[in-house]
Amino acid sequence: IIVSTRDGGVISIKNGKLVRGCLVRLESKPCGMVPLGTKEIGFGCMDKTIHSYSVKGRKNWSFKVDRQISTMVSFQKDILNGFLVALEGGEIRMYVGKVAVSS
């Protein structure tokens with residue numbers, strides 16, 4: 001189980017026990033968290049950034065969006081894995097990795 005805390009920490013829990021303390025320290029408070037496949041997790045943050053980390057805590061990529069992130073949800077269709085981001089103002093963007101494929 002991967003958990004993001006209110007202060008920007010990301011921790012891992014296995015068999016009911018905390019695994020090695022803080023896995024990742026996000027630069028800003030998280031407002032969304034989505035699985036991106038089996039070995040990657042995406043985080044939307046209050047500073048309008050989206051980050052991807054491996055489940056071991058290594059940063060894969062990061063980018064900024066132009067408005068506040070309202071919510072995030074992951075999707076899988078056939079071999080396509082991605083996530084949707086709802087932004088302030090009602091815009092919804094679809095990403096595969098860090099590439100926007102639709103808005």
Side-chain angles (χ1 to χ4, degrees):
I1 298 173
I2 305 291
V3 178
S4 62
T5 63
R6 290 185 194 188
D7 66 350
V10 178
I11 58 174
S12 177
I13 300 171
K14 188 171 186 178
N15 295 325
K17 296 183 181 171
L18 186 64
V19 179
R20 4 168 286 200
C22 191
L23 187 64
V24 173
R25 177 67 56 190
L26 298 171
E27 292 134 28
S28 179
K29 293 181 179 185
C31 61
M33 181 173 87
V34 292
L36 304 174
T38 59
K39 305 257 183 215
E40 190 175 0
I41 303 163
F43 297 93
C45 294
M46 297 295 289
D47 63 353
K48 303 178 191 173
T49 58
I50 298 174
H51 306 284
S52 165
Y53 286 89
S54 72
V55 293
K56 297 196 182 258
R58 182 180 46 87
K59 190 174 201 176
N60 296 324
W61 47 260
S62 177
F63 65 90
K64 279 189 121 8
V65 293
D66 55 348
R67 284 182 249 148
Q68 283 297 122
I69 299 166
S70 297
T71 192
M72 298 171 65
V73 64
S74 63
F75 70 87
Q76 182 176 359
K77 177 69 174 150
D78 299 325
I79 60 168
L80 187 66
N81 285 319
F83 61 101
L84 300 169
V85 179
L87 300 174
E88 186 178 82
E91 183 179 1
I92 297 174
R93 295 182 186 168
M94 180 188 298
Y95 291 91
V96 175
K98 62 180 179 177
V99 178
V101 293
S102 180
S103 67

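Predicted, not measured: the structure shown is a model, and the values here were computed from it.
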Indicate yes or no: at least one non-hydrogen side-chain atom of [X] is less than 4.5 angstrom from one of [Y].
X	Y	value
Leu87	Asp66	yes
Val10	Phe43	yes
Val24	His51	no

Please determine whether residues [X] and [Y] belong to a single hydrophobic cluster, defined as Ile, Leu, Val, Met, Phe, Trp and Tyr linked transitively by side-chain heavy-atom distances below 4.5 Å.
X	Y	value
Ile41	Val96	no
Ile50	Leu26	no
Ile1	Ile11	yes

Is the Trp61 ring parallel, tilted or perpendicular to the Phe63 ring (thresholds 30°, 60°)?
parallel

Determine all donor-acceptor pairs shorter than 3.5 Å in which one atom belongs to a side chain in residues 27-39; sequence neighbours excluded.
{"from": "Glu27", "atom 1": "OE2", "to": "Lys59", "atom 2": "NZ", "distance (Å)": "3.1"}
{"from": "Ser28", "atom 1": "OG", "to": "Asp47", "atom 2": "N", "distance (Å)": "3.3"}

For Gly9, does its backbone N or O pair with a side-chain atom of Asp7 as donor and acceptor, under 3.5 Å?
yes

Here's a test for you: under side-chain contact (heavy atoms from CB on, under 4.5 Å), which of Val3, Val19, Ile2 qualifies with Ile13?
Val3

From Ser52 OG over to Arg58 CZ, what is the distance, rounded to the nearest 0.5 angstrom?
8.5 Å

Please tabulate, one pair per line, all N/O donor-acceptor pairs under 3.5 Å involving side-chain atoms of residues 69-85, not counting sequence neighbours.
none

